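Input: a single structure, listed below in structure tokens.
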Amino acid sequence: MPPRMTNPSLVVPDALQPLLDLSEAIGKAGVPQRTLDLVRLRVSQVNGRVYALPPDLGRDGKADERLLEVSGWRDASCFDAAERAALALAEDASRLSEREDAVPDEVWAEAARFYDERGLGALVLQIGLVNLWNCVNVVTAQVPADWR
């Protein structure tokens, strides 16, 4: 199925660059890029926007093979406690309408054990930005992108 329209970030004048700038700022806030990648993939999975992961993922030393395990992160032993805290926050923050206390204090407190205010801010912005991109891409039926 072809996209319903050209990606809105390309149609609306001056929309794309601020989104790219925000992504760059998030990347400079001190949260490991691998954690941001895990969050990006998990949020996208929650939203039904799945990336095409290459079959040789991780063989080049650049991609994280754990991306293949992110949908089952709660049961997979390959994620450390900080990554688990980030993934829990990402899931809850991407499912705001599913329960009254969308992001329980326990989930926030666990993330705060591993990330300072700047890191938490970066995670929240990453989660929000990925949700925005997912919304734009799903609503306009954009073709799923390759991972990188």
Side-chain angles (χ1 to χ4, degrees), residues 1-54 57-58 60-71 73-74 78-99 101-148:
M1 176 173 139
R4 292 177 173 148
M5 65 177 287
T6 303
N7 192 300
S9 67
L10 301 175
V11 173
V12 176
D14 303 320
L16 180 59
Q17 194 57 54
L19 298 172
L20 296 174
D21 291 345
L22 178 57
S23 183
E24 184 178 340
I26 291 166
K28 293 177 181 177
V31 175
Q33 184 60 51
R34 289 186 175 225
T35 301
L36 295 174
D37 287 345
L38 294 171
V39 164
R40 177 168 48 119
L41 182 57
R42 186 62 193 135
V43 168
S44 295
Q45 289 171 340
V46 166
N47 287 317
R49 178 72 178 166
V50 180
Y51 287 96
L53 296 173
L57 187 68
D60 63 358
K62 294 179 183 172
D64 191 338
E65 291 177 347
R66 296 171 311 145
L67 293 171
L68 299 172
E69 305 293 326
V70 78
S71 65
W73 67 269
R74 291 182 191 279
C78 57
F79 301 103
D80 66 29
E83 291 165 339
R84 289 177 183 284
L87 288 165
L89 180 63
E91 277 193 13
D92 286 354
S94 297
R95 294 179 166 150
L96 297 175
S97 67
E98 290 186 13
R99 63 176 177 255
D101 186 12
V103 180
D105 289 341
E106 301 80 39
V107 170
W108 183 263
E110 183 65 8
R113 284 185 52 221
F114 300 99
Y115 303 99
D116 61 11
E117 190 168 72
R118 184 176 177 182
L120 287 168
L123 284 171
V124 170
L125 288 171
Q126 173 76 347
I127 294 162
L129 182 59
V130 174
N131 275 299
L132 169 66
W133 280 117
N134 289 169
C135 180
V136 167
N137 290 324
V138 169
V139 168
T140 61
Q142 299 298 309
V143 176
D146 286 334
W147 175 244
R148 287 249 181 232

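If you're wondering where the values come from, they're calculated on a predicted model, not measured in any experiment.
With values rounded to the nearest 0.5 angstrom, L87 atom CG is found 11.0 Å from D92 atom CG. In this structure, the separation between CH2 on W133 and CG on L19 is 5.0 Å, given to the nearest 0.5 Å. From E24, atom CD reaches atom CD of Q17 across 8.5 Å, with rounding to the nearest 0.5 Å. Atoms CZ and OG1, on F114 and T35 in that order, are 11.0 Å from each other to the nearest 0.5 Å. Between the CD atom in E110 and the CZ atom in R84 there is a gap of 10.5 Å [rounded to 0.5 Å].
Using a cut-off of 4.0 Å between Lys/Arg side-chain N and Asp/Glu carboxylate O, E69 and R66 are scored as not salt-bridged. No salt bridge links D37 with R34; every basic N to acidic carboxylate O contact stays at or beyond 4.0 Å.
Closest heavy-atom contact between A90 and V43: CB-CG2, 3.7 Å. The two residues P3 and Q142 come nearest to each other via the heavy atoms CB-NE2, 3.8 Å. In this structure, R49 and V143 approach most closely via the heavy-atom pair NH2-O, 3.2 Å. When all heavy atoms of P104 and A102 are compared, the pair lying nearest together is CD-O, 3.5 Å. The minimum heavy-atom distance between A86 and Y115, with the atom names listed, is CB-OH, 3.8 Å.
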Table please: side-chain donor-acceptor pairs of residues 120-131 below 3.5 Å, with sequence neighbours left out.
from, atom 1, to, atom 2, distance (Å)
Q126, NE2, L36, O, 3.1
N131, OD1, N47, ND2, 2.7
N131, ND2, S94, OG, 3.0
N131, ND2, I127, O, 2.9

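Counting heavy atoms from C-beta outward, S9 and V136 have side chains that stay 4.5 Å or more apart.
Of the possible polar contacts, none joining the R42 side chain to the E91 backbone as a donor-acceptor pair under 3.5 Å is found.
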